[in-house]
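Step one of this worksheet: look at the structure below.
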Amino acid sequence: MRALCLNVSLFTATLPKNYTCLIHSSSPSFPADNGGFRLRATTTRRRSELEENNKFSSIAEEASRTMRIRRSKDVVEEEDSSMLLSLSVKPDRNMSLLDDYEMEELDLVPHNPNHRSGLPFLLSLLSDYDLKLEKFKEKVCVNVGYVAVLGKPNVGKSTLSNQMVGQKLSIVTDKPQTTRHRVLSIFCGPEHQIILYDTPGVIEKKMHKLDSMMMKNVRSAAVNADCVLVVVDACKVPGKWYEKFTDADEVIPVSAKYGHGVEDVKDWILSKLPLGPAYYPKDIASEHPERFFVAEIVREKIFLQYRNEVPYACQVNVVSYKTRPNAKDFIQVEVIVEKNTQKIILIGKEGKALKLLATAARLDIEDFLQKKVFLEIEVKVKENWRQNEGLLKDYGYGGQIKAL
């Protein structure tokens with residue numbers, strides 16, 4: 001894994017293998033179905049035997065009820081897991097995942113449109129068409145990989161990520177630690193696909209459980225990346241937090257705000273990324289759902305409008321997102337705070353502060369979604385939510401976010 005150093009606005013370095021092993025976290029595992037099938041088969045077999053003897057019929061009925069309860073729980077668990085999007089597991093790059101548009105472009109649409117048999121099928125079609133084979137190779141073999149953007153809080157990581165992608169996906173404020181989630185951004189070219197991990201700022205003193213979980217996500221992003229950009233403020237002497245684990249490969253002066261030096265960073269990244277098929281279609285800018293960015297926009301406006309501890313005590317969740325063909329889309333958002341005094345500050349006198357927040361957020365959301373929306377914001381109190389691991393996982397800080 002290679003890394004680069006940008007000193008006017010960023011810095012990049014190389015992570016040794018022993019560091020990678022040290023911070024490696026295994027991907028979440030999912031329960032297999034075969035255990036459930038074995039359970040059901042055993043229960044059914046027992047019930048058949050017991051029904052032969054009326055003496056144990058009541059026991060058999062109880063076993064049947066237990067089986068149905070377990071099956072219903074399995075279904076709920078499967079549905080819950082299918083709604084979660086893992087931020088650490090990379091998507092499958094098997095060439096059988098080419099979409100219909102790409103298949104048509106290559107004139108490789110099979111006779112049965114529902115049939116895709118992967119690489120052997122594609123190669124059998126291409127064997128008689130040398131030109132198509134060359135075109136196919138050019139299409140799927142690009143410089144592709146993951147790049148983690150690391151650094152202390154408020155050094156310009158999100159600004160750099162937005163500059164490289166060409167659009168605003170990470171929220172940006174003048175306050176430190178604005179970014180909480182690992183934001184995945186994708187930008188493609190004719191011969192490359194770069195997937196950026198914009199990460200929270202690295203902090204040494206962890207005040208809450210939230211801080212610990214954010215730093216765990218930062219380490220996970222570094223492990224999963226093919227190369228790493230470590231961003232430092234050129235006006236300050238870099239701290240020693242990175243020197244223990246990193247070895248600078250190159251130093252590039254950059255102005256993330258004005259875009260100076262960004263192309264040099266891209267060139268360095270492309271020189272390090274391996275060749276292979278793309279992870280994502282070319283028209284995708286991020287893997288996150290729209291409701292994730294809606295919540296981030298509202299949180300950005302909170303950081304811009306309020307001061308001191310209030311923005312850091314807020315968590316924004318999209319409760320409901322309804323698309324209405326004959327009316328504005330309806331978006332219901334909840335803002336979670338830890339104290340009632342914080343709720344009073346957010347709402348303001350006669351609700352004026354909350355109305356100002358909703359208006360500013362709505363305008364940016366409409367610009368992002370390119371459609372008119374009706375935004376409703378409600379403020380709720382959940383004491384010490386930043387210390388509640390269960391709530392933090394539900395809010396997406398455990399490495400998975402809700403996809404729906």
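These values consider heavy atoms only, across backbone and side chains, with no hydrogens, waters or symmetry-generated copies.
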Minimum heavy-atom separation for His192 to Val142, with atom names?
N-CB, 3.9 Å
Does the side chain of Ile347 reach to within under 4.5 Å of the side chain of Lys343, using non-hydrogen atoms?
yes
Restricting to non-hydrogen atoms, name the atom on Thr179 and the atom on Met214 that form the minimum distance, rounded to 0.1 Å.
O-SD, 4.4 Å
Would you say that Val144 contacts Pro277 through its side chain, given a criterion of any heavy-atom pair below 4.5 Å between the two side chains?
no
Look at the side chain of Gln193 and the backbone N and O of Ile186, then say whether any donor-acceptor pair between them is shorter than 3.5 Å.
no
Parallel, tilted or perpendicular for Phe292 and His181, by the 30°/60° rule?
perpendicular
What I'd like to find out is whether the side chain of Trp268 reaches to under 4.5 Å of the side chain of Asp249, using heavy atoms alone.
yes
Would a 4.5 Å heavy-atom cut-off, applied to side chains only, mark Ile345 and Gln342 as touching?
no
With distance as the sole test, does Asp226 use its side chain to make a donor-acceptor pair with the main-chain N or O of Tyr146 at under 3.5 Å?
yes
Derivation and outcome, side chain to side chain contact (heavy atoms under 4.5 Å, CB included), residues Glu296 and His288
CA-CA 11 Å; Glu296 286 290 277; His288 297 296; over 6 Å; no
Donor-acceptor list for residues 375-383 side chains, cut-off 3.5 Å, not counting sequence neighbours:
unit_1	atom_1	unit_2	atom_2	d
Glu376	OE2	Gln332	NE2	3.4
Lys380	NZ	Glu334	OE1	3.1

Quick check: are there more than 12 heavy atoms from other residues, nucleotides or ligands sitting under 6.0 Å from CZ of Phe330?
yes
Taking all atoms of both residues into account, what is the closest heavy-atom pair of Gln167 and Ala285, and its distance?
NE2-CB, 3.3 Å
Any idea which heavy atoms bring Asn384 and Glu338 closest together, and the distance?
CA-OE2, 3.3 Å
In sequence, state the C-alpha distance, the side-chain angles, and the governing distance for Leu160 and Leu229, and then conclude on side chain to side chain contact (heavy atoms under 4.5 Å, CB included).
CA-CA 10 Å; Leu160 175 65; Leu229 303 180; 4.3 Å; yes
Looking at CD of Gln305 and CG of Leu346, how far apart are the two atoms once the value is rounded to the nearest 0.5 Å?
8.5 Å
Spatial distance of atom CD1 (Ile171) from atom CD1 (Ile297) [nearest 0.5 Å]:
9.0 Å
Sub-4.5 Å side-chain heavy-atom contact between Val333 and Val316:
yes
Looking at His208, is its backbone amide N or carbonyl O close enough to the side chain of Asp211 to form a donor-acceptor pair, meaning the two atoms are under 3.5 Å apart?
yes
Around atom NZ of Lys339, are there more than 12 heavy atoms of other residues, nucleotides or ligands at under 6.0 Å?
no
Charged N to carboxylate O below 4.0 Å: is that the case for Lys272 and Glu250?
no
Could you state the interatomic distance from CD1 (Ile203) to CD (Gln177), rounded to the nearest 0.5 Å?
5.0 Å
Just checking Arg324: does its CZ atom have more than 12 heavy atoms from other residues, nucleotides or ligands closer to it than 6.0 angstrom?
yes
Please check if the side chain of Arg386 supplies one atom and the backbone of Tyr312 the other of a donor-acceptor pair under 3.5 Å.
yes
In this structure, CG of Leu150 is separated from CG of Asp198 (nearest 0.5 Å) by 10.0 Å
Mutual orientation of the aromatic rings belonging to Tyr397 and Trp385 [parallel < 30°, tilted 30-60°, perpendicular > 60°]:
parallel
Arg307 side, atom CZ; Ile302 side, atom CD1 - distance, nearest 0.5 Å:
15.5 Å
Sub-3.5 Å donor-acceptor pair from the side chain of Asn388 to the main-chain atoms of Leu391, do we have one?
yes
Under the side chain to side chain donor-acceptor pair (under 3.5 Å) test, residues paired with Ser185 that sit two or more places apart:
none
Salt bridge Glu389-Lys216, side-chain N to carboxylate O under 4.0 Å:
no
Using modelled atom types and a 3.5 Å cut-off, is there a donor and acceptor pairing between side-chain atoms of Lys175 and backbone atoms of Phe303?
yes
Could you walk me through whether Cys227 and Leu273 satisfy the side chain to side chain contact (heavy atoms under 4.5 Å, CB included) test, starting with their C-alpha distance in whole Å, then the side-chain angles of each, then the deciding distance to 0.1 Å, before giving a yes or no?
CA-CA 8 Å; Cys227 58; Leu273 294 183; 4.1 Å; yes
Under 4.5 Å between any side-chain heavy atoms of Glu300 and Thr178, yes or no?
no
Tell me the closest heavy-atom pair linking Ser286 and Phe293, and the distance in Å.
OG-CZ, 3.4 Å
When rounded to the nearest 0.5 angstrom, what is the spacing between CZ in Arg362 and NZ in Lys301?
12.5 Å
Restricting to non-hydrogen atoms, name the atom on Ser158 and the atom on Val172 that form the minimum distance, rounded to 0.1 Å.
CB-CG2, 4.0 Å
Do Pro200 and Asn217 have side chains that get closer than 4.5 Å, going by heavy atoms?
no
With sequence neighbours left out, the residues meeting salt bridge (Lys or Arg N to Asp or Glu O under 4.0 Å) with Lys322 are none
Can you check whether Ala256's main-chain N or O pairs, donor with acceptor, with Gln163's side chain at less than 3.5 Å?
yes
Any heavy-atom pair between the side chains of Val298 and Ile365 that's under 4.5 Å?
yes
Quick one: does Ser161's side chain have a donor or acceptor within less than 3.5 Å of a partner on Lys157's backbone?
yes
Checking the side chain of Asn317 only, and the main-chain atoms of Ala295 only, is there a donor and an acceptor separated by less than 3.5 Å?
no
Lys266 NZ: over 12 foreign heavy atoms closer than 6.0 Å:
yes
Is a donor on one side and an acceptor on the other found under 3.5 Å between the side chain of Asn154 and the backbone of Asp174?
yes
Side chain to side chain contact (heavy atoms under 4.5 Å, CB included) between Leu369 and Asp329, worked out
CA-CA 10 Å; Leu369 298 176; Asp329 287 1; 5.6 Å; no
